[in-house]
Q: 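Handing you a structure now.
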Amino acid sequence: MSESSESLNEVNNMYTDFLSKLPDAATYEKLSQEKISNTEQEFYSLFNVEFPKDYIELLHFTNGLSFDGQSICGVYDEKFLADHPRKKSMDILRFNSSFRDLTDITDYIMLGKSGIDYIVYNIGEKKFQILSNGTMECFGTFDSFLDLLYAFFEVERQ
């Protein structure tokens with residue numbers, strides 16, 4: 001097995017392990033590579049910034065997450081929204097457009113939220129963060145999205 005294959009398998013195992021600790025209802029059907037690529041291109045054309053690779057990895061396993069009032073953005077088309085209308089605001093394109101329109105803050109890619117927190121990728125620092133949704137105070141900084149997910153969803157690692 002090549003080094004890149006081993007690395008990919010390790011990432012796959014890490015996401016599989018994390019997602020296995022959440023209820024099945026927290027996850028959604030994974031996206032096709034074509035849908036992920038198209039959304040990446042659309043996001044870049046709208047905001048002139050690329051998705052963090054760790055977020056893209058999650059989309060290969062689940063199209064967003066939602067559990068216990070905490071949500072991670074997905075890519076939601078009209079068909080999905082017909083079945084899940086409350087997810088409209090958590091579409092990655094809509095959420096970032098709305099946030100930037102309302103705040104003029106462009107330092108972050110908005111990746112999710114809870115009632116009190118934003119989950120972001122800090123573009124300048126190239127780090128994942130949990131921020132207060134009022135003051136934007138940082139409550140945690142992480143090198144990987146997976147580390148942030150464990151902290152945000154309060155899931156224990158083995």
Side-chain angles (χ1 to χ4, degrees), residues 1-33 35-37 39-40 43 49-77 80-81 83-96 98-99 103 105 107-158:
M1 191 179 286
S2 73
E3 189 175 316
S4 63
S5 294
E6 286 179 19
S7 178
L8 183 59
N9 283 338
E10 185 178 328
V11 169
N12 288 345
N13 290 339
M14 290 175 3
Y15 275 101
T16 300
D17 183 54
F18 168 74
L19 293 171
S20 73
K21 296 175 181 179
L22 297 177
D24 289 343
T27 63
Y28 301 96
E29 187 175 333
K30 67 182 180 178
L31 294 173
S32 69
Q33 183 57 52
K35 183 70 172 172
I36 293 170
S37 296
T39 303
E40 282 183 275
F43 193 89
V49 65
E50 294 180 357
F51 281 146
K53 298 295 181 218
D54 287 19
Y55 174 72
I56 295 167
E57 286 301 323
L58 177 71
L59 295 177
H60 286 100
F61 292 90
T62 179
N63 185 13
L65 286 170
S66 186
F67 176 64
D68 202 23
Q70 298 160 278
S71 297
I72 300 297
C73 294
V75 178
Y76 305 134
D77 58 20
F80 179 90
L81 292 173
D83 294 332
H84 307 279
R86 296 184 69 203
K87 289 286 165 206
K88 187 172 188 174
S89 67
M90 290 308 297
D91 173 77
I92 189 82
L93 297 171
R94 287 181 179 100
F95 188 40
N96 279 274
S98 175
F99 182 82
T103 66
I105 297 173
D107 300 333
Y108 309 105
I109 296 174
M110 309 306 289
L111 298 173
K113 68 178 184 173
S114 71
I116 59 172
D117 300 314
Y118 285 126
I119 300 308
V120 304
Y121 179 72
N122 184 314
I123 297 165
E125 293 184 21
K126 296 184 180 357
K127 301 279 186 183
F128 296 92
Q129 297 179 318
I130 300 174
L131 305 178
S132 157
N133 71 6
T135 62
M136 302 299 279
E137 177 183 351
C138 183
F139 293 129
T141 298
F142 305 86
D143 291 327
S144 80
F145 191 44
L146 193 57
D147 289 341
L148 179 145
L149 291 173
Y150 272 98
F152 183 59
F153 286 100
E154 299 177 356
V155 173
E156 278 192 42
R157 282 195 147 143
Q158 293 178 323

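For clarity, every value in this text was computed on a predicted model and none was experimentally measured. Values below: every heavy atom of this structure, side chains too, minus hydrogens, waters and symmetry copies.
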Q: Test Tyr28 against every option in Phe61, Phe67, Phe80 by the ring-ring contact (aromatic ring centres under 6.0 Å, His included) rule and name the one that passes.
A: Phe80
Q: Can you list the residues that meet the side chain to side chain donor-acceptor pair (under 3.5 Å) rule with Gln129, with sequence neighbours excluded?
A: Asn122, Thr141
Q: Between Cys138 and Leu131, what is the shortest heavy-atom contact and its length?
A: CA-CD2, 3.6 Å
Q: Can you see which heavy atom on Ile92 is nearest to which on Met110, and at what distance?
A: CD1-O, 3.2 Å
Q: Holding to salt bridge (Lys or Arg N to Asp or Glu O under 4.0 Å), I want the full list of residues that pass it with Asp54, two or more places apart in sequence or in another chain.
A: none
Q: With no hydrogens and no angle check, is any side-chain donor or acceptor of Asn96 less than 3.5 Å from a backbone partner on Ile109?
A: no
Q: Between the side chain of Ser66 and the main-chain N/O of Ala26, is any donor-acceptor distance below 3.5 Å?
A: no
Q: Residues two or more places apart in sequence or in another chain: which of them pass salt bridge (Lys or Arg N to Asp or Glu O under 4.0 Å) with Lys21?
A: Asp17
Q: Considering residues at least two apart in sequence or located in another chain, which fulfil the ring-ring contact (aromatic ring centres under 6.0 Å, His included) criterion with Phe153?
A: none
Q: Which heavy-atom pair separates Phe95 from Ser89 by the least distance, and what is that distance?
A: CB-O, 3.4 Å
Q: Can you list the residues that meet the ring-ring contact (aromatic ring centres under 6.0 Å, His included) rule with Tyr108, with sequence neighbours excluded?
A: none
Q: Who are the side-chain contact (heavy atoms from CB on, under 4.5 Å) partners of Asp143, not counting sequence neighbours?
A: Lys127
Q: Taking side chain to side chain donor-acceptor pair (under 3.5 Å) as the test, write out the residues that go with Asp147, two or more places apart.
A: Ser144, Arg157
Q: With Phe145, which of Phe152, Tyr121, Phe128 fulfils ring-ring contact (aromatic ring centres under 6.0 Å, His included)?
A: Phe128
Q: Please check if atom CG in Asp24 has more than 12 non-hydrogen atoms from other residues, nucleotides or ligands closer than 6.0 Å.
A: no
Q: Taking atom CD1 of Ile130 and atom NZ of Lys113, what is their separation to the nearest 0.5 Å?
A: 16.0 Å
Q: Please enumerate all residues that pass ring-ring contact (aromatic ring centres under 6.0 Å, His included) together with Tyr118, with sequence neighbours excluded.
A: Phe99
Q: Using the salt bridge (Lys or Arg N to Asp or Glu O under 4.0 Å) criterion, which residues pair with Asp68? Sequence neighbours excluded.
A: none
Q: Which atoms form the tightest heavy-atom contact between Asn63 and Val75, and what is the distance?
A: OD1-N, 2.6 Å
Q: Taking everything shown except Ile116 itself, do over 12 heavy atoms lie less than 6.0 Å from its CD1?
A: no
Q: What's the spacing between Cys73 SG and Leu93 CG if we round to 0.5 Å?
A: 9.5 Å
Q: Mind checking the CE-CG spacing from Met136 to Asp117? Nearest 0.5 Å is all I need.
A: 11.0 Å
Q: Distance from Ile119 atom CD1 to Ser71 atom OG, nearest 0.5 Å?
A: 10.5 Å
Q: Mind checking what makes side chain to side chain donor-acceptor pair (under 3.5 Å) contact with Glu40, not counting sequence neighbours?
A: none
Q: The criterion is salt bridge (Lys or Arg N to Asp or Glu O under 4.0 Å); which residues satisfy it with Asp107, sequence neighbours excluded?
A: none
Q: To the nearest 0.5 Å, tell me how far Phe43 CZ sits from Thr39 OG1.
A: 10.5 Å
Q: Report the distance from atom OH of Tyr55 to atom CG of Leu148, rounding to the nearest 0.5 Å.
A: 13.0 Å
Q: Minimum heavy-atom separation for Tyr15 and Glu57, please, with both atom names.
A: CE1-CB, 3.7 Å
Q: For Leu59 and Gly64, work out which heavy atoms get closest and say how close.
A: CD2-N, 4.3 Å
Q: Which residues satisfy the side-chain contact (heavy atoms from CB on, under 4.5 Å) test with Glu137, sequence neighbours excluded?
A: Ser132, Thr135, Phe139
Q: For Leu65 and Thr27, what are the C-alpha separation, side-chain angles and deciding distance, and is it a side chain to side chain contact (heavy atoms under 4.5 Å, CB included)?
A: CA-CA 5 Å; Leu65 286 170; Thr27 63; 3.6 Å; yes
